[in-house]
Amino acid sequence: MTTQAQQHTDDVPPTVNGDAGTAASRLLPSATPIRFLDDAGGVAPAADHGAYESPPLELLLEAYRRMVVGRRFDAQATALTKQGRLAVYPSSHGQEACQIGSVLALRDTDWMFPTYRESMALIARGIDPVEALTLLRGDWHCGYDPVATRTAPQCTPLATQSPHAVGLAYAARRRGEDTVALVFVGDGGTSEGDFHEALNFAGVFKAPVVFLVQNNRYAISVPLAKQTAAPSLAYRGVGFGIRSEQVDGNDPVAVLSVLRHAVEAARAGEGPFLVEAHTYRIEAHTNADDASRYRDDAEVSAWAGRDPLNRLEAYLTATGVLSDEDIGAARQEAEAFAGRLRTRMNDDPDVDPRALFDHVYAEPTPQLREQREWLVEELAADKDDSGGEHQ
Ligand SMILES: Cc1ncc(C[n+]2csc(CCOP(=O)(O)OP(=O)(O)O)c2C)c(N)n1
Ligand SMILES: [Mg+2]
């Protein structure tokens, strides 16, 4: 007769998926974040980037140019909130290496699943900036065509874009396509159930997905230490059997190198990859937030000292591939980009509030029908009061 303890030993193998120690060591991130550049843009010791390869200089120059435009775009969008032209804008100032590095690591046929903070990545991907800002202007739709641009609508509910990305990637693989999906998630978003469910599904089904965790140290006012006790968010992947890495998110060379590696591994059928990028949100959460209530200036200036754009500029200049004229040309391009955006955003959008109800259900519910009637009545009353057309 077997005892209960013996039965347990007989029935349950030591690990479900083989030798856990060996398996885990293949998945583990490096002990410290991968970096190629030191904080000032000098060359970091080779040990800091291990086996990762530096991306071609041509690609780094392209990253630089897009980062200059991206930062200027970000400043312009922030200004548009102050002018009442945008309802809200979550800035990604300081996160340019992640915003641009992700786009440059992907092919046009790959998909991106952004959050509200990724407007800069959207424009780096070539999406019209006015279309990219449509949602943040207060419209009911996302402005751009997600299928044509291979870019899902920017997601405000935290982490819900993660299972979408996994589903799309898995479906593409089943159809024999070599599409990779890259999903952005914040440090706060990694606490959400959707994120964990997406990781598990991706791990089990080997979906070609790259999870890019931008750890910018805060979820609105909640600092990382109150979000998790994990040594690094990169370890979140290991528990789901997913290869994981951590990278200096303010080092554009490192971000590009690690993301290119992750994307190509996923494309080659090696399964999903999780990359934690250590970075910092220099501005407040959005224009509706006062960051001075939960963090001090010294912390912000310490991170400003690791500015991704300054680091890349210093590195490329020292390498001899970026001249003062090139820097001037990039800044001029950025100014022109911002100027065109300003002009176009100063035109009032042509919005029909009734359209809000058009695409919710094929057959509107009685409640929605009633609400639409109220709106039509209000619009008519407004028109009578003002004696003019409602805009
Ligand atoms: C499911 C859900 N819960 C709460 C919120 C409210 N919320 C909006 S942004 C945010 C913080 C998210 O922080 P993080 O994931 O670190 O992204 P970051 O804003 O720093 O880029 C919260 C809690 C939300 N949008 N969705
Ligand atoms: Mg955050």
Side-chain angles (χ1 to χ4, degrees), residues 33 70-71 73-74 77-78 81 86-103 112-124 132-133 135-136 138 140 142 152-165 182-199 210-230 232-237 246-250 255 274-295 299-300 302-304 306 308:
R71 175 160 299 180
F73 160 79
D74 191 84
T78 299
T81 61
L86 264 188
V88 67
Y89 181 70
S91 165
S92 45
H93 184 136
Q95 300 181 215
E96 289 86 354
C98 298
Q99 297 287 306
I100 310 301
S102 52
V103 170
M112 258 177 28
F113 286 77
T115 78
Y116 48 85
R117 199 168 296 290
E118 270 68 67
S119 303
M120 193 191 290
L122 262 48
I123 65 130
L133 293 175
L135 182 71
L136 300 172
W140 57 268
C142 87
Q154 283 180 281
C155 200
T156 299
L158 299 180
T160 55
Q161 72 279 14
S162 321
H164 301 165
L182 183 142
V183 54
F184 296 85
V185 67
D187 42 299
T190 67
S191 298
E192 291 287 333
D194 284 281
F195 180 66
H196 292 255
E197 287 157 24
L199 286 176
V210 175
F211 297 89
L212 172 58
V213 178
Q214 286 177 95
N215 174 3
N216 64 7
R217 323 300 292 184
Y218 288 91
I220 312 185
S221 56
V222 177
L224 187 67
K226 288 204 177 148
Q227 190 70 243
T228 180
S232 149
L233 293 171
Y235 290 91
R236 289 246 194 270
Q246 53 175 336
V247 61
D248 178 340
N250 282 17
V255 171
L274 185 150
V275 178
E276 178 193 18
H278 296 268
T279 183
Y280 195 77
R281 154 166 69 70
I282 293 288
E283 300 290 334
H285 175 71
T286 65
N287 49 305
D289 171 44
D290 175 4
S292 69
R293 296 186 60 176
Y294 54 84
R295 64 184 196 186
E299 182 182 289
V300 181
W303 277 93
R306 294 173 209 140

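When a ligand or atom number is given, it counts from 1 through the structure's own listing order. Heavy atoms only: backbone and side chains are in, while hydrogens, waters and symmetry mates are out.
Among the backbone and side-chain atoms of Q214, no N/O/S atom is found under 2.8 Å from the Mg ion (ligand 2). The Mg ion (ligand 2) lies under 2.8 Å from an N, O or S atom belonging to N216.
Between the side chains of E276 and N215, a donor-acceptor pair is found at a separation under 3.5 Å. Using modelled atom types, one finds a donor on one side chain and an acceptor on the other under 3.5 Å when comparing S91 with D74. Under the 3.5 Å distance criterion, with hydrogens and angles disregarded, a donor-acceptor pair is assigned to the side chains of N250 and T279. A donor and an acceptor atom, one from each side chain of S92 and E118, are nowhere located under 3.5 Å apart.
Within D187, the N, O or S atom at minimum distance from the Mg ion (ligand 2) carries the name OD1.
Of all the atoms in ligand 1, the ones that sit under 4.0 Å from a non-hydrogen atom of P157 are 26 (N). Atom numbering of ligand 1 starts at 1 in the shown order; those under 4.0 Å from a heavy atom of H285 are 9 (S), 19 (O). Shown in contact with D187 at under 4.0 Å from a heavy atom are these atoms of ligand 1, numbered in order with element: 15 (O), 16 (O). Atom numbering of ligand 1 starts at 1 in the shown order; those under 4.0 Å from a heavy atom of N216 are 18 (P), 20 (O), 21 (O). Which parts of ligand 1 touch A219 is read off a 4.0 Å heavy-atom cut-off, strictly below it: atoms 11 (C), 12 (C), 13 (O), 16 (O).
Nearest non-hydrogen protein atom to atom 15 (O) of ligand 1 is G189 N, 2.8 Å. The protein atom (non-hydrogen) at minimum distance from atom 25 (N) of ligand 1 is T156 O, 3.0 Å. Looking only at heavy atoms of the protein, atom 9 (S) of ligand 1 is closest to Y116 OH, 3.2 Å. Looking only at heavy atoms of the protein, atom 21 (O) of ligand 1 is closest to R117 NE, 2.7 Å. Counting protein heavy atoms only, atom 11 (C) of ligand 1 is closest to I220 CG1, 3.6 Å. Of all protein heavy atoms, the one closest to atom 1 (C) of ligand 1 is L158 N, 3.6 Å. What sits closest to atom 14 (P) of ligand 1 on the protein, heavy atoms only, is G188 N, 3.4 Å.
For the atom pair OH (Y89) and CZ (R117), the distance works out to 9.0 Å, reported to the nearest 0.5 Å. Atoms CZ and OG, on F184 and S102 in that order, are 3.5 Å from each other to the nearest 0.5 Å.
Judged purely by atom type and a 3.5 angstrom limit, E197 has no side-chain atom pairing as donor or acceptor with the backbone of F195. Judged purely by atom type and a 3.5 angstrom limit, R295 has no side-chain atom pairing as donor or acceptor with the backbone of Y218.
Aromatic ring orientation, W303 versus Y280: parallel (interplanar angle below 30°, classes split at 30° and 60°).
Of the residues listed (Q246, Q214, R306), the one engaging H278 in a side-chain hydrogen bond (donor to acceptor under 3.5 Å, both in side chains) is Q246, and it is the only one.
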